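This one's a predicted model, so the numbers in the text were calculated from it and none came from an experiment. Chain A is the first sequence line, chain B the second, and so forth, proteins listed ahead of strands; every chain is numbered from 1.
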2 protein chains.
Amino acid sequence: MLHLNRPKKRDNSTDSRTAILNAAVVSFGERGYYGTSLQKIANTVGMTKAGVLHHVGSKEGLLDIVLDEVYDPCTETIINNFRMTDRPNVARMWREVVAINAKRPEQVHMFSTLDAEAIDPKHPAHEYFRKRDQNLLEEMLQIPWYVPGSTNIGALLQAGFSMMDGIQLRWLRAPERDLNQMWAECEAELMPMPMWEGYR
Amino acid sequence: MLHLNRPKKRDNSTDSRTAILNAAVVSFGERGYYGTSLQKIANTVGMTKAGVLHHVGSKEGLLDIVLDEVYDPCTETIINNFRMTDRPNVARMWREVVAINAKRPEQVHMFSTLDAEAIDPKHPAHEYFRKRDQNLLEEMLQIPWYVPGSTNIGALLQAGFSMMDGIQLRWLRAPERDLNQMWAECEAELMPMPMWEGYR
DNA sequence: GTCTATAGTCCGATAGAC
DNA sequence: GTCTATCGGACTATAGAC
C-alpha cells in the first residue's frame, strides 16, 4: 500500500485507540475493573499487551480515559439541553435520558457495573462516581422545573434517578425488553395521572 | 487431645466456617467475585488458602454458599411474613425490607456489587440473580395487596423495587445517611398522599 | 506504533504431612 | 482441620528492537 500517497492520516493510531476504548467499555461492563485484563482487550483488538499500554499508559489510565472520553459527554449534552428551556419538564428530561441509554446498552452496562464496584472507597473510580452523583443533583436542582405545587423536587429527583438505575439493571438482565417501555411504566407510577395532568 | 471424651463439638470447624463466610461477604462486596482472592480471605481469617479451600471446595463454591446460606434466608422471611396478613400493605412491606437492610450494610453491599457483575450471562451467579428477580415478582403478585383502585400493581412493584436498588446504592456511597429516612422520601414520591390516604 | 522478551507478583487448586 | 510445598497459569508493567 506504500504506493498510495495519501498523507498517512494517522488513521492507524486513532483506529487502534477507539478500538481499544470500545473493547474496554465491553470488558469493564462484563467483568468490572478488577475482572478486566489488558491481555483480553489486546486479543480483542488484535494487538499485544504492550501495544495497548502504549496507548493508555496503564490499566487505571484506560479506566480514566473511558469514563472521561466515552461516558461523560453524553450525559452533559442532556443536561445542557434543558438548562435553557422555559417550563422545563422533568418527565420529558427523564424520557430523553432513557431514550439515549436505550441505544447504548454497552455503555449503560459499564456504568452499572463500575458504579456498584466503585462503592468501595479504594476503587480507582470511587471519587469519579461520588462527584458525578453530587454534581448531577446540584445542577438539576438549579433548574426551575415545572411541577405540581406540592412537589418536593429534591426528593423527586433522588427517587427518579434511583428508579432509573434499578430499571436499567433489570433491562440489562433481560435485554429483549424495551427500556423506553419499562420506563414509561415507572413514570406512570412516579408521577401519577390525576396529579400530574398537564405537567408531563 | 484424645484423652478428652467431650463429644468433639466441632466448634473450631463452625467458627472457621462462619469467619470465612463473613470475610467473603465483605470481599465480594468491596471487590466483586472476580476481584476477590482466596488468599486475602485466608489472611483475614488467619488461615492459609488451603485451609479455606478445605471448607468451601472452590471459589465458586464459596460464592454459592454465601448466597444460599447468608443472603437468601433474610429475604424469604420477609415475604412469608406478608403472605398471611389480611389487607396486606405494600408500603409497610417495603419499609420492613428497608429496615432490615439498614442493619446489614455489608450484605446489601455484596448484593449490589454481585447483582451488577452478574448481568453478564457468563458470571457464576447470573442464574441465581435472574431467578431471584423472577421468583420475587411472581410471589409478590400473588399477594392481594390493599391499594388504591387505579393501581397497576405489577408496575408499582417493579418501580418500587427498582427504586430501592437505586437508593441503596446511594446510601452505600454515603453511609452516614439514614437509609430508612432516604426511603421515606422515596415512599412519599412513589405513593403520594392525597391518593394513598388510608393505604399506607 | 507495534512487537518480543522478561521481570516480578499473584492466582486457584492439589497432594500429602501432621 | 490446618498446614507446607508446589504446579501451571494469568496478571501489570517495563526495556528495547524494529
The residue, A:Gly57 or B:His55, whose nearest nucleotide of DNA chain D is more 5′ is B:His55

[X] [atom1] to [N] [atom2]: how many Å, rounded?
| X | N | atom1 | atom2 | answer |
| --- | --- | --- | --- | --- |
| A:Leu38 | C:dC10 | CG | P | 17 Å |
| B:Lys49 | D:dT6 | NZ | P | 13 Å |
| B:Lys40 | C:dC11 | NZ | C1' | 12 Å |
| B:Tyr34 | D:dC11 | OH | P | 13 Å |
| A:Gln39 | C:dC11 | CD | P | 19 Å |
| A:Ile41 | D:dA10 | CD1 | P | 17 Å |

So CH2 of B:Trp171 and CZ of B:Arg177: to nearest 0.5 Å the spacing works out to 12.0 Å

Please confirm whether the shortest side-chain N or O distance from [X] to OP1 or OP2 of [N] is below 4.0 Å.
| X | N | result |
| --- | --- | --- |
| B:Lys59 | C:dG12 | yes |
| A:Thr48 | C:dT2 | no |
| A:Ser58 | D:dT12 | no |
| A:Ser16 | C:dT2 | yes |
| A:His54 | C:dG1 | yes |

Original post:
Is the charged tip of A:Arg92 near the ring of A:Phe82: under 6.0 Å from the six-membered ring centre and within 45° of its axis?
Top reply: no

Candidate nucleotides C:dT14, C:dT4, C:dG12, ranked by approach to the side chain of B:Ala50 - the nearest: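 Nearest to the side chain of B:Ala50 among the choices is C:dT14.
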
Give the nucleotide from the list C:dT2, D:dC3, C:dA13 with an atom nearest to the side chain of A:Met47.
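The nucleotide sitting nearest to the side chain is C:dT2.
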
If you look only at distance, which donor and acceptor atoms sit under 3.5 Å apart when one is on a side chain in residues 135-143 of chain A and the other is two or more places apart or in another chain?
from, atom 1, to, atom 2, distance (Å)
A:Asn135, ND2, A:Lys131, O, 3.4
A:Glu139, OE1, A:Arg83, NH2, 3.4

Using a 4.0 Å heavy-atom cut-off across all strands, classify A:Ser37 as base, sugar-phosphate, or nothing. sugar-phosphate

Over all strands shown, is A:Leu53 touching base, sugar-phosphate only, or nothing at heavy-atom distances under 4.0 angstrom?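 Base contact.
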
Under 3.5 Å donor-acceptor pairs involving side-chain atoms of residues 189-200 of chain B, not counting sequence neighbours:
from, atom 1, to, atom 2, distance (Å)
B:Arg200, NE, B:Met191, O, 2.8
B:Arg200, NH1, B:Glu187, OE2, 2.8
B:Arg200, NH2, B:Met191, O, 3.1

Aromatic plane relationship, A:Tyr34 with A:His123 - under 30° parallel, 30 to 60° tilted, over 60° perpendicular
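It falls in the perpendicular class, over 60°.
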
